[in-house]
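What follows is a set of notes on a single structure, which appears directly below.
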Amino acid sequence: MLTKRIIPCLDIKGGRAVKGVNFLNLRDAGDPVKLAKQYVAQNADELIFLDISASELKRKTLTNLVLKVAAAIDIPFTVGGGISSVEDAFAVLKNGADKVSINSAAVKNPRLITTLSKKFGSQCVVVAIDAKKLNSKWKVHLVGGKIPTEIDLFEWSKEVADRGAGEILFTSMDHDGTKKGFANKALAKLSSIINIPIIASGGAGKIQDFTDTFICGKSDAALAASVFHFGEISILDLKKQLKNQHINIRM
Amino acid sequence: MIAIIDYNAGNIRSLQFALERLGVKSILTSDFDKIIKADKVIFPGQGAAQNAMLKLKQNGLDDLIPQLKQPVLGICLGMQLLCEHTEEDDEKGLGIIKCRVKRFSDKAKVPQMGWNNISKLQTSLFEGVKENEYMYLVHSYYVPLLNETIAISNYGLEYSVAVHKNNFYGVQFHPEKSSSAGQVVLKNFLKL
């Protein structure tokens, strides 16, 4: 049976891994290649690298990092952050990334999803969606969660799936950094309306949160950053306990 | 020398790195001479079937591959294209294995993405790999169970996760992305 995936996420800034709370207050979390190797040794199922730096040199720094990561690890990884064209996507894919994640660029130009999935295949197109509840409606936010839009999370997710995305990475900004669990209600709704895998993101604090998102949130994968980077939860322990709770997991 | 068939398939870099980690030299090439002379040939694949077949035809690789005599390993879409036909884009494959590749039904999420276990392992390709080992898979289409099946997996139904006919091998999973277990499969292929 297909297993649920545990995905550590590394936010990258200037070639270093960083982690903040609610998208703010960045702290240094170490060398991304070294961190990546540690996660592989702990049986992480996949990794995501999100480049949150914005500079002219960005693409070059990022492609160098992708190459180093690809040489060092033998599990799949996704790269995102500022990918806004076929050229950007190609640059990371040809250097060894398995998937690209697009976010704001997809909202601004939804055809990018179609183009990328036709050109590289659905399997390597992850659409990341940051959303926040405003007046009891989930609204999509752009540019790392800074800019609110009027776009509804569920409608956008449907369009994303119809346009050929292989996977959705949904981050609840209300939950991100709070360590109070994932947005399981919204996640379960997403799984009921679209038929591509959903990665839950934002809110991981304890092991039970992962169990809950796999059972109540129907998530296919769960992403977390700080609880892994700062050693609060070890992936090996997490997987052992999930297995004890009869969740299908790769050991 | 290992030849990786170059037809612009996705993520070749990871495959090259995986071979490098095994201390093996490989070349990425579409040159007939180099492919014919290689000890082993890897036929990778990712992306859409139609596009892939188009690229193969442009270089005449669709004629060359079925005639190869050394061990050939098709990976993912590379395995599916060893077959006669695929529902993906209603495309004709290389016809080495007589079967039709089908799309997963929408009862399960499509694509299947992640780690699934493989069982009923046969042939030396899986020597040292334990039954029910997890491998990394990402695909929307599958090869049904056949006489040529040498490993199965289950995603809503049982399907061929590896096939073997004469000198041709195919694996649906990505050995280069399946951690140490995947490395064992690659190593076994190199020993054939």
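All chains are named by letter (A, B, ...) in the order of the sequence lines, taking the proteins before the strands, and each is independently numbered beginning at 1.
- Taking all atoms of both residues into account, the shortest heavy-atom contact from Tyr134(B) to Asn248(A) is OH-OD1, 3.9 Å.
- To the nearest 0.5 Å, atom CG of residue Asn51(B) and atom NZ of residue Lys119(A) are 7.5 Å apart.
- Considering CZ of Phe90(A) and CG of Asn8(B), their distance stands at 6.5 Å, rounded to 0.5 Å.
- The greatest number of non-hydrogen atom pairs below 4.5 Å with chain A, out of Arg21(B), Glu176(B), Glu20(B), is found for Arg21(B).
- Ranked by heavy-atom pairs shorter than 4.5 Å toward chain A, the options Val138(B), Leu15(B), Leu77(B) are led by Val138(B).
- Looking at heavy atoms from C-beta onward, Ile75(A) lies out of side-chain contact with Lys177(B) at the 4.5 angstrom threshold.
- With a 6.0 Å radius and a threshold of 12 heavy atoms from other residues, nucleotides or ligands, Lys187(B) has its NZ atom at or below the threshold.
- Chain B forms more heavy-atom pairs under 4.5 Å with one residue of Gly96(A), Ala161(A), Ser122(A) than with any other, namely Gly96(A).
- No more than 12 heavy atoms of other residues, nucleotides or ligands shown are found within 6.0 angstrom of NZ on Lys34(A).
- Contacts between residues 108-129 of chain B and chain A, counted as heavy-atom pairs separated by less than 4.5 Å, involve Ala108(B), Lys109(B), Val110(B), Pro111(B), Gln112(B), Met113(B), Gly114(B), Trp115(B), Asn116(B), Asn117(B).
- Both the backbone and the side chain of Ser179(B) come within contact range of chain A, with heavy atoms under 4.5 Å apart.
- Around atom NZ of Lys102(B), no more than 12 heavy atoms belonging to other residues, nucleotides or ligands sit under 6.0 Å away.
- Heavy atoms from other residues, nucleotides or ligands lying under 6.0 Å from CZ of Arg103(B) number more than 12.
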Decide yes or no on side-chain contact (heavy atoms from CB on, under 4.5 Å) for Phe17(B) and Val69(A), but give the supporting numbers first. CA-CA 10 Å; Phe17(B) 279 133; Val69(A) 172; over 6 Å; no
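- Ranked by heavy-atom pairs under 4.5 Å with chain B, the list Leu93(A), Ile198(A), Asp98(A) is led by Asp98(A).
- Other residues, nucleotides and ligands place more than 12 heavy atoms under 6.0 Å from the NZ atom of Lys57(B).
- Contacts with chain B were tallied for Gly166(A), Gly121(A), Ala70(A); Ala70(A) has the most, counting heavy-atom pairs under 4.5 Å.
- Remark: Met251(A) CE is packed, more than 12 non-hydrogen atoms of other residues, nucleotides or ligands lying under 6.0 Å away.
- Among the residues in residues 146-163 of chain B, those with a non-hydrogen atom closer than 4.5 angstrom to a non-hydrogen atom of chain A are Asn154(B), Tyr155(B).
- Ala221(A) does not touch chain B: none of its heavy atoms, backbone or side chain, sits under 4.5 Å away.
- When heavy atoms are compared at a cutoff of 4.5 Å, Ser191(A) approaches chain B by way of both its backbone and its side chain.
- Heavy-atom distances place the backbone of Ile73(A), and not its side chain, under 4.5 Å from chain B.
- More than 12 heavy atoms of other residues, nucleotides or ligands shown are found within 6.0 angstrom of NZ on Lys98(B).
- Within the 4.5 angstrom heavy-atom criterion, atoms from both the backbone and the side chain of Arg250(A) approach chain B.
- Note that OG of Ser178(B) is 8.5 Å distant from CG of Asp74(A), once rounded to the nearest 0.5 Å.
- Of the atoms belonging to Ser140(B), not a single heavy atom falls under 4.5 Å from chain A.
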